[in-house]
Amino acid sequence: MPGSDRSPSEDSGYRIELGEIESVVARHGAVRQVVVVAREDSPGDKRLVCYFVAENPPSDWWTSLRGLLRAALPEYMVPSHFVDLDAFPLTPKRQG
């Protein structure tokens, strides 16, 4: 999201490039927008979460998306959670 911290994240000693994960997810034909974040909801519980907007995803959507990610990235860079949104939230000025 514009204005968010897109700097690399460290997880389990690995350097994780969030933009690299986003670019792989964006290769899927159904994906229109994507943001990947490193979340730590409780101390020590770090996870990658992929938020995306998809248009007309195929019936094998999850299988094809995970296959795409696993073919292009090391396992530690594959998000553990995916959140399908109708649209990304906008500010009152209609910015993402």
Hey, what do you get for [atom1] ([X]) to [atom2] ([Y]), rounding to the nearest 0.5 Å?
X	Y	atom1	atom2	result
Y76	R15	OH	CZ	10.5 Å
S80	K46	OG	NZ	13.5 Å
F82	W62	CZ	CH2	6.5 Å
E22	Q33	CD	CD	11.5 Å
L85	F52	CG	CZ	7.5 Å

For a side-chain contact (heavy atoms from CB on, under 4.5 Å) check, start with the C-alpha distance between C50 and V34, then their side-chain angles and the critical distance, and finish with the verdict. CA-CA 7 Å; C50 176; V34 59; 3.7 Å; yes

Intermediate values then yes/no, side-chain contact (heavy atoms from CB on, under 4.5 Å), H81 and R47: CA-CA 8 Å; H81 298 287; R47 62 186 72 191; 2.9 Å; yes

Of the non-hydrogen atoms in [X] and [Y], which two are nearest, and what is the gap between them?
X	Y	value
V53	D86	CG1-O, 3.6 Å
I21	M77	CD1-O, 3.2 Å
H28	S64	NE2-OG, 2.9 Å

_Other residues, nucleotides and ligands only: do more than 12 of their heavy atoms fall within 6.0 Å of CZ on R32?_
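For R32, atom CZ is crowded (more than 12 foreign heavy atoms under 6.0 Å).
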
Show your reasoning for whether side-chain contact (heavy atoms from CB on, under 4.5 Å) applies to L18 and L48.
CA-CA 9 Å; L18 302 175; L48 294 173; 3.9 Å; yes

_Exactly one of V25, V24, V78 should register a side chain to side chain contact (heavy atoms under 4.5 Å, CB included) with L65. Which one does?_
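Checked V25, V24, V78 against L65; only one passes side chain to side chain contact (heavy atoms under 4.5 Å, CB included): V25.
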
| request: Kindly determine whether N56 and W61 satisfy side-chain contact (heavy atoms from CB on, under 4.5 Å), including the steps that lead there. | output: CA-CA 10 Å; N56 301 318; W61 165 244; over 6 Å; no

